[in-house]
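Because the structure is predicted, anything quoted here is derived from the model rather than measured. By convention here, the first residue in the shown sequence is residue 1.
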Amino acid sequence: MAAHTVHASHATTEGTVLQTTLRALESFESLLLGRGRETALRNAWTAVLEDRRRAVARTEAQRVLEAAATRRPTAT
């Protein structure tokens with residue numbers, strides 16, 4: 001069996017190239033997705049506000065239904 005030896009300088013160069021490539025890809029991703037993130041946050045906040053509006057409407061509807069259910073019919 002032949003033993004494979006890796007020289008320290010070769011491993012260091014590969015590590016540096018990998019780090020540089022990773023940083024470049026992260027920068028590119030940030031550039032492309034930066035606006036998308038803002039849009040996603042805005043959409044999420046809009047959804048939260050809409051959920052709150054529906055919760056208020058649901059609570060009010062529940063109060064009306066409960067009030068109607070507890071009302072006794074009047075004798076005619």
Checklist entry - Can you name the residues that form a side chain to side chain donor-acceptor pair (under 3.5 Å) with Asn43, not counting sequence neighbours? => result none
Checklist entry - Who are the side chain to side chain donor-acceptor pair (under 3.5 Å) partners of Gln62, not counting sequence neighbours? => result Glu66
Next on the checklist: Could you measure the distance from the CG atom of Leu22 to the OG atom of Ser27? Nearest 0.5 Å is fine.
Outcome noted: 9.5 Å
Checklist entry - Rounded to the nearest 0.5 Å, how far does CZ of Arg42 lie from OG1 of Thr46? => result 8.0 Å
Checklist entry - With sequence neighbours left out, what residues match Arg52 under side-chain contact (heavy atoms from CB on, under 4.5 Å)? => result Trp45, Val48, Leu49
Checklist entry - Can you name the residues that form a side-chain contact (heavy atoms from CB on, under 4.5 Å) with Thr16, not counting sequence neighbours? => result Thr12, Thr20
Next on the checklist: Holding to salt bridge (charged side-chain N to carboxylate O under 4.0 Å, His left out), I want the full list of residues that pass it with Arg63, two or more places apart in sequence or in another chain.
Outcome noted: Glu60
Item to check | salt bridge (charged side-chain N to carboxylate O under 4.0 Å, His left out) against Arg53, all qualifying residues, sequence neighbours excluded | outcome: Glu50
Checklist entry - Do Ser30 side-chain atoms and Glu26 backbone N/O form a donor-acceptor pair below 3.5 Å? => result no
Checklist entry - Would the number of heavy atoms belonging to other residues, nucleotides or ligands and lying under 6.0 Å from CZ of Arg37 be above 12? => result no
Checklist entry - Are any of the side-chain heavy atoms of Asp51 and Arg54 separated by less than 4.5 Å? => result yes
